[in-house]
Amino acid sequence: MASTKEVRAAGIMIFRILNKKQIEYLLLQASYAERHWTAPKGHVDPGETDELVTAKREVQEESGLHPQDYDIIDGFTSVLNYRVKNKPKRVTYWAAKVKDPSIAITISHEHVNYRWCDLPTVFQMTDKNDMKESYQNCENFLQKKFFQSNDTNNYEGGCKCKD
């Protein structure tokens with residue numbers, strides 16, 4: 001009989017803003033199986049009770065970004081529920097803006113590549129509909145927060161990085 005205990009994971013949709021208007025998301029390519037592209041995320045470890053702490057730990061492990069390198073965006077979370085190996089899985093995502101859009105990304109052994117992507121490219125690289133919906137919801141939230149409210153935090157964009 002398969003265990004029905006829920007698997008919990010957490011991650012962060014890391015993004016940057018270029019030229020005061022273009023949002024790009026950090027995607028990491030897994031080094032295993034189908035080598036899918038996803039935001040930095042991972043399992044909640046035994047003893048971890050705060051999923052945001054898990055998400056920050058996973059971002060650091062998988063991308064080299066430290067919590068001081070980005071700001072969590074208040075008001076946005078996305079929760080995905082699905083089954084993996086016949087077990088229910090719940091993944092909670094937050095959104096975070098890197099302070100320096102040209103910051104170096106250092107991927108872990110769990111990944112083979114990374115890429116900064118605009119939303120249409122995220123849709124091309126992500127094959128899961130619920131993940132696409134989460135990115136669309138994030139994009140809508142960020143567009144409203146940063147552009148429709150004229151709150152760009154006086155951001156000056158521009159970047160050269162791995163593509």
Side-chain angles (χ1 to χ4, degrees), residues 8-30 36-45 47-81 89-111 113-126 128 130-163:
R8 293 183 309 135
I12 301 177
M13 295 176 176
I14 300 287
F15 69 94
R16 65 185 182 181
I17 299 176
L18 301 177
N19 304 317
K20 295 187 180 183
K21 62 184 177 182
Q22 182 180 355
I23 299 171
E24 290 185 337
Y25 300 92
L26 175 65
L27 293 181
L28 306 176
Q29 186 177 28
H36 65 279
W37 290 86
T38 187
K41 71 169 178 21
H43 291 101
V44 175
D45 285 345
E48 285 182 322
T49 57
D50 184 337
E51 290 180 343
L52 183 53
V53 170
T54 298
K56 290 177 179 181
R57 175 181 53 76
E58 288 292 338
V59 166
Q60 187 169 341
E61 289 174 5
E62 295 184 356
S63 71
L65 296 175
H66 297 266
Q68 64 267 25
D69 295 328
Y70 54 84
D71 293 316
I72 298 292
I73 304 302
D74 290 333
F76 179 83
T77 57
S78 179
V79 179
L80 302 181
N81 292 288
K89 184 172 184 176
R90 184 187 76 193
V91 183
T92 303
Y93 287 99
W94 287 262
K97 179 180 156 196
V98 292
K99 293 176 181 176
D100 175 1
S102 62
I103 193 164
I105 304 299
T106 306
I107 58 175
S108 72
H109 68 278
E110 296 178 23
H111 299 91
N113 203 357
Y114 77 90
R115 186 166 176 191
W116 290 100
C117 305
D118 62 10
L119 188 63
T121 306
V122 169
F123 280 15
Q124 290 173 1
M125 298 177 73
T126 305
K128 307 290 186 223
D130 55 355
M131 196 73 236
K132 290 178 184 181
E133 182 179 348
S134 288
Y135 272 105
Q136 182 66 67
N137 291 340
C138 186
E139 178 85 5
N140 293 345
F141 182 88
L142 297 174
Q143 288 287 338
K144 190 172 192 177
K145 178 172 181 60
F146 289 104
F147 307 126
Q148 293 174 9
S149 70
N150 294 322
D151 175 18
T152 59
N153 296 325
N154 297 317
Y155 179 79
E156 295 297 326
C159 169
K160 294 178 185 171
C161 66
K162 185 174 179 179
D163 189 322

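FYI, side chains are in, hydrogens and waters are out, and symmetry mates aren't considered; it's all heavy atoms of this structure.
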**Study point:** Student check: side-chain heavy atoms of E51 and R90 closer than 4.5 Å
**Key:** yes
Review point. Do other residues, nucleotides or ligands put more than 12 heavy atoms under 6.0 Å from E133 CD?
Key: no
Exercise for review: Please say which of T106, I14, L27, I107 ends up in a side chain to side chain contact (heavy atoms under 4.5 Å, CB included) with Y114.
Suggested key: I107
Practice item. Please round to the nearest 0.5 Å and tell me the distance separating atom CE of M13 and atom CG of N137. Key: 8.5 Å
Practice item. Quick one: pull up CG in N140 and NZ in K145 and give me the separation to the nearest 0.5 Å. Key: 15.0 Å
Point to revise | Taking every non-hydrogen atom, the tightest pair across E62 and E110 | key: OE2-OE1, 3.2 Å
Review point. Measuring from M131:CE to T126:OG1, what's the distance to the nearest 0.5 Å?
Key: 6.5 Å
**Study point:** Closest approach of D50 to L52 (non-hydrogen atoms, all atoms of both residues)
**Key:** OD1-N, 2.9 Å
**Study point:** Minimum heavy-atom distance P40-L28, with the two atoms named
**Key:** CG-CD1, 3.8 Å
Exercise for review: Quick one: pull up CD1 in I72 and NZ in K56 and give me the separation to the nearest 0.5 Å.
Suggested key: 5.5 Å
Point to revise | Y25 side chain near E139 side chain, heavy-atom distance below 4.5 Å | key: yes
**Study point:** Verdict with supporting geometry, L26 and L65, side chain to side chain contact (heavy atoms under 4.5 Å, CB included)
**Key:** CA-CA 11 Å; L26 175 65; L65 296 175; 4.3 Å; yes
Point to revise | Contacts of S78 that satisfy side-chain hydrogen bond (donor to acceptor under 3.5 Å, both in side chains) - sequence neighbours left out | key: S134
Check your understanding: Do W37 and N113 come close enough that some side-chain heavy atom pair is under 4.5 Å?
Key -> yes
Practice item. Please answer whether the main-chain N or O of Q68 pairs with a side-chain N or O of K99 as donor and acceptor at a distance below 3.5 Å. Key: yes
Point to revise | Closest approach of E48 to T54 (non-hydrogen atoms, all atoms of both residues) | key: OE1-OG1, 2.7 Å
Review point. Any side-chain heavy atom of K128 sitting closer than 4.5 Å to one from H36?
Key: no
Check your understanding: Is any side-chain heavy atom of L18 closer than 4.5 Å to a side-chain heavy atom of W116?
Key -> no
Check your understanding: Could you walk me through whether T121 and R115 pass the side chain to side chain contact (heavy atoms under 4.5 Å, CB included) check?
Key -> CA-CA 10 Å; T121 306; R115 186 166 176 191; 4.0 Å; yes
Check your understanding: Quick one: CD1 on I12 to OH on Y93, what's the gap to the nearest 0.5 Å?
Key -> 11.0 Å
Practice item. Compare every heavy atom of A95 with every heavy atom of C138, then report the nearest pair and how far apart it is. Key: SG-CB, 3.8 Å
**Study point:** Sub-4.5 Å side-chain heavy-atom contact between I73 and F146
**Key:** yes
Check your understanding: Is there a donor-acceptor pair under 3.5 Å between the side chain of N19 and the backbone N or O of K21?
Key -> no
Check your understanding: Below 4.0 angstrom, N of the basic side chain to O of the carboxylate: do K41 and E58 qualify?
Key -> no
**Study point:** Closest approach of V122 to C117 (non-hydrogen atoms, all atoms of both residues)
**Key:** CG2-CB, 3.7 Å
Check your understanding: More than 12 non-hydrogen atoms from neighbouring residues, nucleotides or ligands closer than 6.0 Å to CG on D74, yes or no?
Key -> no
Practice item. Please work out which of the three classes, parallel, tilted or perpendicular, describes the rings of F76 and F141, given edges at 30° and 60°. Key: tilted
Check your understanding: Which value, rounded to the nearest 0.5 Å, describes the distance between T77 atom OG1 and W94 atom CH2?
Key -> 7.0 Å
